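Down below is the structure, laid out as structure tokens.
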Amino acid sequence: MSATAQRPSSRGRGAPAAAHGNFIAGEWKPAASGRTFENRNPADRDDLVGTFADSGPEDVERAVAAAREAFPRWRALPAPKRGEILFRAAEILVRRKEDFARDMTREMGKVLAETRGDVQEAIDMTYYMAGEGRRQFGQTTPSELQSKFQMSVRMPVGIAGLITPWNFPMAIPSWKMMPGLILGNTVVIKPATDTPLSVVNLIHALEEAGIPKGVVNMVTGGGSEVGAPLMGHKDVGIVSFTGSTGVGRKVSEACAPAFKHCHLEMGGKNIIMVMDDAQLDLAVDGAIWGGFGTSGQRCTAASRVAVHKKVYREFVDRFVERARALKVGDGLDESVQMGPCISEAQRRTVEGYVKVGRDEGARLLCGGHRLESGELGRGWFHEPTIFGDCDPRMRVAVEEIFGPVVSVIPVGSLEEAVTVGNNVEYGLSASIYTQDINKAFTAMRDMYTGIFYVNAPTIGAETHLPFGGTKNTGNGHREACVQALDVFSEWKSIYIDYSGTLQRAQIDTWE
Ligand code: NAD
């Protein structure tokens with residue numbers, strides 16, 4: 001992190017609330033209807049972060065028209081030149097990292113260390129994809145015929161419609177935007193209504209970096225009002241969505257009739273497996289960070305911990321002690337370790353699951369209540385909560401809660417832990433704590449997840465490895481790394497016959 005990125009910032013709770021429009025054809029415009037919606041700080045409902053355009057289909061139409069018009073020129077711009085614009089945007093993000101992190105904490109609640117990490121992920125992805133301006137490698141391969149050359153190249157799909165969630169408000173938009181742009185696609189993004197400011201900030205960086213008009217467009221507003229018309233638009237060739245599995249299914253169905261490219265990153269119910277030979281302090285550190293980082297509101301959150309019976313009691317005692325000691329509060333306070341839930345509705349979901357767990361007979365070991373005393377009463381805070389002695393079939397052990405609730409499941413062996421780990425509808429991330437390399441490799445082989453960690457929690461992905469999950473977490477694509485390029489491009493195989501004669505593949509032979 002550079003010194004400039006860490007400079008003190010006046011941004012934060014109580015800073016003036018600006019009005020933000022849509023970004024269409026290089027201009028900031030109000031919604032066609034003139035309506036706006038408010039974005040409030042989940043740590044303090046009296047703190048208005050900003051107002052945003054409450055858009056509808058008409059705004060989507062305008063944004064798609066702008067993207068359509070900009071596409072031929074952007075596509076024709078040599079990819080290394082597109083990369084230079086992205087590189088400049090990354091440099092701007094580096095300079096503004098601290099401001100953007102503070103804005104993010106204010107709009108979605110996670111603690112500053114984490115929002116700095118979120119902006120850093122956008123920086124990493126933007127640099128990485130800027131570099132792809134000089135790579136985007138295809139293949140050349142010998143022909144079976146004489147005097148014939150062949151190669152494969154990538155082409156952009158066209159207009160990319162991006163629909164993003166609130167828990168990684170700048171990182172996830174950058175995971176989609178940057179690969180889309182470097183390949184020559186133009187983009188229309190619809191951010192989550194809880195976190196539009198971080199996408200506004202990302203777009204400001206691209207604007208300042210010199211992105212041409214119409215290449216990037218943003219329309220803010222609700223899922224049905226903006227997301228649905230965007231994914232259903234006949235001119236949108238690829239839809240990239242991150243969010244819940246329920247909405248992802250709707251996206252998949254909307255894309256199917258026109259055979260649109262459709263990239264889905266959805267829910268998770270990730271597991272940490274703690275073996276009897278594990279370093280327990282390390283495993284507890286991992287379970288605390290994996291379970292309660294971002295208040296458990298990560299697709300990769302470690303919401304289940306399977307612990308070998310031989311160390312179960314000792315692990316649980318230490319885990320509960322550490323969870324009880326977590327400092328919960330406004331993430332702008334550097335000493336706070338866990339922020340609020342994103343909204344009143346999300347906290348209600350968490351409370352609902354606490355009741356479900358109790359009714360199912362799971363043992364409530366700590367937490368279980370909303371936090372309302374003093375300052376905390378102004379936000380959507382909930383205690384870090386641990387259920388113990390969980391049966392792996394309990395709803396709290398298989399359903400995504402998306403809050404600070406961890407279910408601990410006793411197991412008798414590695415094989416049982418793997419069975420429990422795989423026996424959910426999701427397949428995003430898993431991890432094992434063990435000192436035995438054979439156990440580590442066995443689990444690595446047998447867990448059917450897109451991401452796997454050894455002696456680390458289920459979170460901590462880096463931008464230069466593929467990111468995504470199996471089963472109901474994804475639809476076979478991957479975000480980040482070069483794999484993201486496959487989502488936003490079509491391959492073209494090219495054959496050049498310079499023999500001057502008709503040569504027929506698979507029929508003519510050359511002696
Ligand atoms: P969500 O599905 O409610 O919303 C995601 C986006 O879809 C938002 O922009 C929303 O406005 C939009 N949307 C909602 N209804 C829509 C509709 N009918 N048509 C079109 N768009 C619509 O999810 P969320 O609450 O924002 O995020 C939490 C979920 O995201 C969790 O399930 C989490 O696991 C998942 N997630 C997954 C990953 C991953 O990479 N696998 C990463 C982060 C979050």
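Because only heavy atoms are used, hydrogens play no part in the values below, and waters and symmetry mates are left out as well, while side chains stay in. Whatever order the structure lists ligands and atoms in, that order sets their numbers, starting from 1. We count residues from 1, following the sequence as given. Everything quoted here is computed from the prediction, not taken from an experiment.
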For A192, atoms of ligand 1 separated by under 4.0 Å from a heavy atom
9 (O)
Under 6.0 Å from the six-membered ring centre of F168 and within 45° of its axis: does the NZ or CZ of K110 meet both?
yes
As an exercise, identify every atom of ligand 1 less than 4.0 angstrom from a heavy atom of M231.
19 (N), 20 (C)
Which residue and non-hydrogen atom of the protein lie closest to atom 31 (C) of ligand 1, and at what distance in Å?
E400 OE1, 3.5 Å
So if I count the atoms of ligand 1 from 1 in the order they appear, which ones are less than 4.0 Å from some heavy atom of A228?
19 (N), 20 (C)
In terms of atom number and element, which parts of ligand 1 are under 4.0 angstrom from non-hydrogen atoms of I172?
42 (C), 43 (C)
Could you tell me whether W175 and H263 have their ring centroids closer than 6.0 angstrom?
no
Contacting atoms of ligand 1, where contact means under 4.0 angstrom from a heavy atom of G227
20 (C), 21 (N)
Heavy-atom contact check, 4.0 Å cutoff: does G469 meet ligand 1?
no
Exceeds 12 heavy-atom contacts within 6.0 angstrom, atom CD of E425:
yes
Please state whether T193 comes within less than 4.0 angstrom of ligand 1, counting heavy atoms only.
no
Within residues 295-304 or reaching into it, pairs that qualify as side-chain hydrogen bond (donor to acceptor under 3.5 Å, both in side chains) - sequence neighbours excluded
T294-R298
Could you go step by step and tell me if V226 and D59 meet the side chain to side chain contact (heavy atoms under 4.5 Å, CB included) rule?
CA-CA 8 Å; V226 178; D59 303 287; over 6 Å; no
Take atom NZ of K250 as the centre, draw a 6.0 Å sphere, and report whether it contains more than 12 heavy atoms from other residues, nucleotides or ligands.
no
Please list the nearest protein heavy atom to atom 2 (O) of ligand 1 with its residue and the distance rounded to 0.1 Å.
S244 OG, 2.6 Å
Answer yes or no: are there more than 12 heavy-atom neighbours, outside K29 itself, under 6.0 Å from its atom NZ?
yes
Do N472 and R249 touch side chain to side chain, with heavy atoms closer than 4.5 Å?
yes
Taking side-chain contact (heavy atoms from CB on, under 4.5 Å) as the definition, give me every residue that meets it alongside A53, ordered by chain and number, with sequence neighbours left out.
N22, A31, S55, T220
Atoms of ligand 1 close to N167 [distance to a heavy atom under 4.0 angstrom, numbered from 1]
43 (C), 44 (C)
Non-hydrogen protein atom less than 4.0 angstrom from atom 15 (N) of ligand 1
yes
At less than 4.0 angstrom from any non-hydrogen atom of W166, what atoms of ligand 1 do you find?
24 (P), 25 (O), 26 (O), 27 (O)
Note the single closest protein heavy atom to atom 9 (O) of ligand 1, along with its residue, its atom name and the distance in Å.
T164 O, 2.7 Å
Check contact between F168 and ligand 1, using heavy atoms of the residue and a distance below 4.0 angstrom.
no
Starting from atom 41 (N) of ligand 1, what is the nearest protein heavy atom, named by residue and atom, and what distance separates them?
M266 O, 2.7 Å
Checking a contact table here: which protein heavy atom is nearest atom 27 (O) of ligand 1, and how many Å away?
P165 CB, 3.4 Å
Please list the nearest protein heavy atom to atom 40 (O) of ligand 1 with its residue and the distance rounded to 0.1 Å.
F467 CE2, 3.1 Å
Would you mind running through ligand 1 and noting each atom that sits below 4.0 Å from a heavy atom of F241?
2 (O), 5 (C), 6 (C), 7 (O)
Got the closest protein heavy atom to atom 42 (C) of ligand 1, with its distance?
C299 SG, 2.9 Å
So which protein heavy atom does atom 28 (C) of ligand 1 come closest to, and at what separation?
F402 CE2, 3.5 Å
Main-chain N/O of V60 paired to K190 side chain as donor or acceptor, under 3.5 Å
no
